[in-house]
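Presented below is the structure to which this report refers.
Computed from heavy atoms alone, side chains included, the values below leave out hydrogens, waters and symmetry copies. The chain is numbered in sequence order, starting from 1.
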Amino acid sequence: MSEPAPPPSRPDSAHPDILRGIAGSPGIAIGTAVVVGSTRHTHPRRYVSAHDVPHELDRFVAAVALAQSDLRDMAQRVADKPAEAAILDAYILMVGDEALAEGVRHNVSTERRCAEWSVVAACESIASRMRSMDDSYLRERSHDVEFVGDRVLRALGGVSGGVAIPTIHGPSIVIAHDLSPADTAAMVSAPVVGFITEIGTRTSHTSIMARALEIPAVVGVSDVLKRVMTGDLVIVDGLRGIVVARPTEAEVEEARTRSERYAAHAKELQESRDLAATTRCGVPIALRANVELPAEALLARDNGAEGIGLYRTEFLYIDRTSPPTEEEQYEVFKSVVEVTRPRPVVLRTFDIGGDKFSSTFQVPQEMNPMLGLRAVRLALSRPDVFLEHLRAMVRASAHGDVRIMIPMVASLTELRQVHTLLREAIEQVRARGLPCAEEIPLGVMIEVPAAAVMVDLFAREADFMSLGTNDLIQYALAVDRSSRSLAYLASPFEPAIVRLIAGVVNAGRNWDCPVSICGAMASDPLAAILLLGLGVRDFSMEAAAIPEIKETLRRVSVAEAQAVAAEALENRTAEDVEHCVASAFAPRLYDILAGDA
Ligand code: PEP
Ligand code: MG
């Protein structure tokens with residue numbers, strides 16, 4: 001999940017007003033800074049008498065209802081944007097969450113604090129529990145709890161639909177420590193042209209929402225609140241992950257030109273959405289989507305995806321201490337399959353552990369969680385939970401083309417064990433008289449170097465294989481994928497990686513086992529050409545990247561890509577490989593590589 005990220009924000013040595021962060025949403029915007037604060041810091045802290053307790057509790061109940069109705073209104077306004085509507089739906093549920101209500105009841109009744117103070121205290125206690133978890137995703141989600149508290153606080157202050165943003169005149173760049181999806185959605189009608197936040201990554205909700213709203217954003221700019229003030233002119237470069245505060249006239253002019261070029265480029269890409277995904281010489285390429293949230297299945301379809309090549313089912317396990325039931329999982333899988341059919345959906349069995357959501361299973365503390373009880377290892381250690389998961393998938397197969405994929409497989413034994421459990425799950429579903437597909441292909445991710453070495457044997461026993469290059473790079477090069485400072489070592493152009501991929505593709509060809517790629521390498525235009533040349537014809541990537549990769553591959557013939565791949569296989573360093581691909585193709589991709597036309 002985590003992608004290589006730039007180093008933390010710091011003043012650029014050559015230009016004191018350039019701040020670096022992470023490109024959260026593409027595009028370039030120029031506007032006046034509006035620095036927004038949070039209502040959390042200004043809430044009243046009053047003790048109340050026993051007599052006032054019922055009144056405070058009533059105020060809280062009314063505020064929850066008001067906050068939920070505001071959020072529902074916002075969800076309505078963005079109903080045609082499935083990703084953000086889904087996030088707002090999640091917020092509606094969080095506002096009404098029993099853990100919050102229970103915390104507030106305790107604070108009001110026992111501690112005798114007023115409703116506002118109780119909301120802040122209850123949220124802080126929930127968020128601090130989440131922050132102390134090993135699980136980096138949950139730690140990040142602790143901010144959601146703070147936002148939910150913020151919504152209720154605003155409602156307590158009688159600020160219906162309130163946004164912590166002053167009245168905005170003219171094109172504005174909103175700058176905040178963080179922005180909730182609710183705040184972001186509320187800006188749909190305001191003249192907000194860009195966002196900058198101090199925290200967040202490409203996968204944080206602010207970034208997802210900003211991309212859905214098509215508003216440029218730079219996130220993770222750690223000191224922006226200290227460096228920019230309301231009224232400053234600011235450039236948000238969501239292509240490079242850069243913020244320019246108080247730019248010179250020349251910088252504004254340059255940004256304006258690039259912004260116009262990017263807008264024209266994005267429009268062109270959208271137009272190519274309905275064109276066939278083929279190479280210049282007419283060879284068809286499958287471009288599928290990686291999906292984390294069920295609502296993204298619609299987004300995938302809108303971006304012209306030919307199905308879902310990777311559904312990361314572990315996202316069902318977020319924010320909960322017990323696994324979802326078979327029924328819950330079945331309903332979610334079914335909805336994704338129905339939206340996508342007749343195209344295929346590859347359901348990956350949960351990849352929990354490592355840096356992902358381990359709290360659901362109370363995985364013991366490990367020195368090296370990335371090398372620990374993760375993915376298929378965890379699944380096989382809990383066959384009861386895993387069988388429920390598999391049965392839900394098997395039942396979803398009654399509604400469309402379902403394929404099941406196993407993450408982090410290192411040995412054939414693991415594949416065979418899952419095979420046995422899958423057969424058991426199918427028998428259990430049939431014994432209950434429930435329908436399922438005749439055939440459910442079972443594939444493996446090739447993301448552990450051992451599997452890449454043994455790939456000729458995997459190709460004989462698996463129904464398909466998918467290259468998980470995010471992990472393959474991490475494990476083959478021994479570079480922690482979540483490390484910002486080592487990101488420069490994790491190049492998909494490393495000759496070791498190119499050779500491993502070539503070996504997997506060849507084994508697939510020799511043993512008639514389909515090979516696809518679902519790692520982030522697939523959404524890098526130059527890497528995608530290298531993959532094409534190595535023989536990959538089936539790509540899966542984040543939905544938003546599909547138009548760009550389609551356009552890239554439409555400009556390249558298979559013979560050209562093959563010639564460059566053959567040369568790359570002879571190269572000795574990552575720099576040489578990248579240079580070899582770039583020198584052959586960058587000139588004709590200049591607009592795509594620069595993110596403009
Ligand atoms: C990968 O490892 O390349 C992959 C696609 O899976 P994830 O990023 O979920 O580990
Ligand atoms: Mg992986």
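Taking 4.5 Å as the limit, some side-chain heavy atom of L532 sits within range of a side-chain heavy atom of R537. Contact annotation: the side chain of I196 never approaches that of L19 to less than 4.5 Å [non-hydrogen atoms, C-beta and beyond]. Residues H265 and I592 form a side-chain contact, since some pair of their non-hydrogen atoms from C-beta on lies under 4.5 Å apart. In this structure the side chain of V479 never reaches within 4.5 angstrom of the side chain of I473, judged on heavy atoms. At a threshold of 4.5 Å between non-hydrogen side-chain atoms, the residues R348 and E314 count as touching. Within the 4.5 Å cutoff, the side chain of M541 has heavy atoms near those of the I546 side chain. A 4.5 Å side-chain heavy-atom check between S557 and T279 finds every atom pair outside the cut-off.
Partners of D524 by salt bridge (Lys or Arg N to Asp or Glu O under 4.0 Å), not counting sequence neighbours: none found. Every residue meeting the side-chain hydrogen bond (donor to acceptor under 3.5 Å, both in side chains) condition with D576, not counting sequence neighbours, appears here in chain and number order: T573. Qualifying salt bridge (Lys or Arg N to Asp or Glu O under 4.0 Å) partners for K267, counting only residues two or more places apart in sequence or in other chains: E271. Remark: E306 engages no residue in a side-chain hydrogen bond (donor to acceptor under 3.5 Å, both in side chains) (not counting sequence neighbours). A search for side-chain hydrogen bond (donor to acceptor under 3.5 Å, both in side chains) contacts involving N571 returns nothing, not counting sequence neighbours. Under the rule for a side chain to side chain contact (heavy atoms under 4.5 Å, CB included), the partners of S466 that lie at least two apart in sequence or sit in another chain are M405, S516, C518. Residues satisfying the side chain to side chain contact (heavy atoms under 4.5 Å, CB included) criterion with A217, sequence neighbours excluded, are S25, F195, A210. Among residues two or more places apart in sequence or in another chain, the side chain to side chain contact (heavy atoms under 4.5 Å, CB included) test is passed with R240 by D237, I242, R258. Qualifying salt bridge (Lys or Arg N to Asp or Glu O under 4.0 Å) partners for R280, counting only residues two or more places apart in sequence or in other chains: E560. Under the side chain to side chain contact (heavy atoms under 4.5 Å, CB included) criterion, V119 pairs with F60, V104, C123, V152, L153, L156, not counting sequence neighbours. Partners of E253 according to the salt bridge (Lys or Arg N to Asp or Glu O under 4.0 Å) rule, which considers only residues two or more places apart in sequence or in another chain, are R256.
Separation of atoms CD1 (I549) and CD1 (I529) is listed at 8.5 Å; rounding is to 0.5 Å. To the nearest 0.5 Å, the span separating CG on L531 from CE on M521 amounts to 4.0 Å. Residue S540 holds its OG atom at 9.0 Å from CG of L287, rounded to the nearest 0.5 Å. Summarising the geometry, atom CZ belonging to R246 is positioned 8.0 Å from atom CE belonging to M229; distances are rounded to the nearest 0.5 Å.
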Do L593 and L526 pass the side chain to side chain contact (heavy atoms under 4.5 Å, CB included) test, and can you show the C-alpha distance, the side-chain angles, and the key distance before you say yes or no? CA-CA 9 Å; L593 296 176; L526 290 175; 4.3 Å; yes
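By the 4.0 Å N-to-carboxylate-O rule, D538 lies close enough to R288 to be salt-bridged with it.
Annotation for A584 and V564: closest pair CB-CG2, 3.5 Å, computed over non-hydrogen atoms. The two residues T469 and G519 make their nearest non-hydrogen contact at OG1-CA, 3.2 Å. Closest of all the heavy-atom pairs between V148 and L100 is CG1-CD2, 4.2 Å. The shortest heavy-atom contact between V228 and A33 is CG1-CB, 3.7 Å.
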